[in-house]
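Remarks on the structure that follows.
Nothing fancy with the numbering, it's 1 onward along the sequence.
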Amino acid sequence: MSDKPSFPLALANLIDALNSVFGKACAWLTVFLVIGTAIVVVLRYGFGIGATALQEAVLYAHALVFMGAAAWVLQRNGHVRVDIFYQKFSGRRQALVEILGNLLFLLPVALFLGWASWDYVSNSWSTREASGESGGLKFVYLQKSIILVLVVSLVLQGISNLIKALYVISGRLPAPEVKHG
């Protein structure tokens with residue numbers, strides 16, 4: 001028997017790796033958020049200088065921190081979960097809850113968000129929307145595209161979670177240990 005994972009499991013591992021790298025990169029933007037915000041405040045209140053482009057860059061980074069890292073947080077079970085019962089479930093029952101949660105909530109909501117925001121983002125791209133502020137950034141369409149990054153990464157992570165949960169239910173993958181506390 002080969003140690004090489006099956007195609008679905010290899011796909012899940014690839015999705016996990018991509019979301020992990022992207023999520024960690026987005027998380028590092030918090031350093032820029034702190035430094036950028038501090039510079040904007042010092043320039044404005046210390047020297048009376050506006051830094052519109054930097055202020056908008058901080059907003060872009062803020063969007064990426066939350067929307068870009070969301071799938072990574074989901075992957076690591078860092079999201080809010082009301083687990084009064086879940087924590088006492090067996091690994092297979094937890095996998096079943098994972099499947100139902102992905103199919104009934106995560107994927108439909110993410111796909112709806114993608115559908116609902118498509119025109120908003122594509123209209124911004126069609127006009128190469130720029131900031132309305134003097135000295136602002138000319139890439140508003142890129143900022144709005146972060147919504148679709150959220151959608152794609154969440155859908156991919158949902159697929160990865162489904163694959164792994166199905167493997168747990170079938171007994172072909174051990175159930176992860178539940179961390180208490």
Side-chain angles (χ1 to χ4, degrees), residues 1-37 58-118 120-121 142-181:
M1 187 158 154
S2 172
D3 288 337
K4 185 178 174 185
S6 65
F7 175 75
L9 200 52
L11 177 63
N13 291 337
L14 175 64
I15 291 168
D16 286 352
L18 291 173
N19 275 337
S20 180
V21 168
F22 188 65
K24 288 175 186 177
C26 289
W28 273 102
L29 287 173
T30 56
V31 174
F32 170 71
L33 290 177
V34 171
I35 294 169
T37 301
V58 167
L59 288 173
Y60 288 28
H62 186 261
L64 263 175
V65 166
F66 287 94
M67 289 192 262
W72 178 53
V73 172
L74 176 65
Q75 177 190 110
R76 298 175 47 85
N77 282 325
H79 57 288
V80 175
R81 182 191 302 257
V82 180
D83 64 353
I84 297 166
F85 303 108
Y86 183 85
Q87 65 185 350
K88 297 182 186 339
F89 287 170
S90 69
R92 284 189 174 168
R93 186 168 280 178
Q94 287 179 351
L96 180 61
V97 169
E98 188 73 27
I99 290 168
L100 293 173
N102 276 277
L103 290 176
L104 298 175
F105 299 108
L106 175 67
L107 292 175
V109 169
L111 291 171
F112 175 76
L113 179 61
W115 174 78
S117 63
W118 184 260
Y120 176 72
V121 175
L142 292 176
Q143 181 188 29
K144 289 182 177 183
S145 298
I146 297 170
I147 298 168
L148 298 180
V149 169
L150 169 70
V151 169
V152 169
S153 64
L154 282 177
V155 166
L156 288 173
Q157 192 59 50
I159 291 168
S160 172
N161 290 351
L162 280 171
I163 292 168
K164 292 180 290 189
L166 288 168
Y167 271 70
V168 169
I169 285 179
S170 70
R172 295 173 15 189
L173 195 65
E177 289 186 29
V178 180
K179 296 175 188 162
H180 300 287

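With rounding to the nearest 0.5 Å, the separation of OG in Ser160 from CG in Leu11 is 7.5 Å. Atoms CG and CG, on Leu64 and Leu59 in that order, are 12.0 Å from each other to the nearest 0.5 Å. To the nearest 0.5 Å, the span separating CG on Leu173 from CG on Leu166 amounts to 10.5 Å. Summarising the geometry, atom CZ belonging to Arg172 is positioned 4.0 Å from atom OH belonging to Tyr167; distances are rounded to the nearest 0.5 Å.
Every residue meeting the side chain to side chain contact (heavy atoms under 4.5 Å, CB included) condition with Leu14, not counting sequence neighbours, appears here in chain and number order: Leu18. Residues passing the side chain to side chain contact (heavy atoms under 4.5 Å, CB included) test with Leu96 are Leu100, Ile169, sequence neighbours excluded. Every residue meeting the side chain to side chain contact (heavy atoms under 4.5 Å, CB included) condition with Arg93, not counting sequence neighbours, appears here in chain and number order: Phe89, Ser90. By the side chain to side chain contact (heavy atoms under 4.5 Å, CB included) test, Pro108 pairs with no residue at all, sequence neighbours left out.
When all heavy atoms are compared, the tightest approach of Pro174 to Val168 is O-CG2, 3.9 Å. For Gln75 against Ser20, the heavy-atom pair with the smallest separation is OE1-CB, 3.9 Å.
Side chains of Leu106 and Leu74 form a contact here, defined as non-hydrogen atoms less than 4.5 Å apart. A heavy-atom distance below 4.5 Å is not found between the side chains of Tyr120 and Leu148.
Each salt bridge (Lys or Arg N to Asp or Glu O under 4.0 Å) pair with one or both residues in residues 161-170, not counting sequence neighbours, appears once here: Asp16-Lys164.
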For this session: Decide yes or no on side chain to side chain donor-acceptor pair (under 3.5 Å) for Asn19 and Gln157, but give the supporting numbers first.
Result: CA-CA 7 Å; Asn19 275 337; Gln157 192 59 50; 2.9 Å; yes

For this session: Would you please test Ile15 and Ile163 for side chain to side chain contact (heavy atoms under 4.5 Å, CB included) and show each step?
Result: CA-CA 11 Å; Ile15 291 168; Ile163 292 168; 5.5 Å; no

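Screening Leu154, Val155, Leu156, Val149 for a side chain to side chain contact (heavy atoms under 4.5 Å, CB included) with Val152, the sole residue that qualifies is Leu156. Shown are Leu113, Val109, Ile146; of these, the side chain to side chain contact (heavy atoms under 4.5 Å, CB included) with Val151 is made only by Leu113.
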Check: residues 23-37 side-chain donor-acceptor pairs under 3.5 Å, at least two apart:
| unit_1 | atom_1 | unit_2 | atom_2 | d |
| --- | --- | --- | --- | --- |
| Thr30 | OG1 | Ala27 | O | 2.7 |
| Thr37 | OG1 | Leu33 | O | 2.7 |

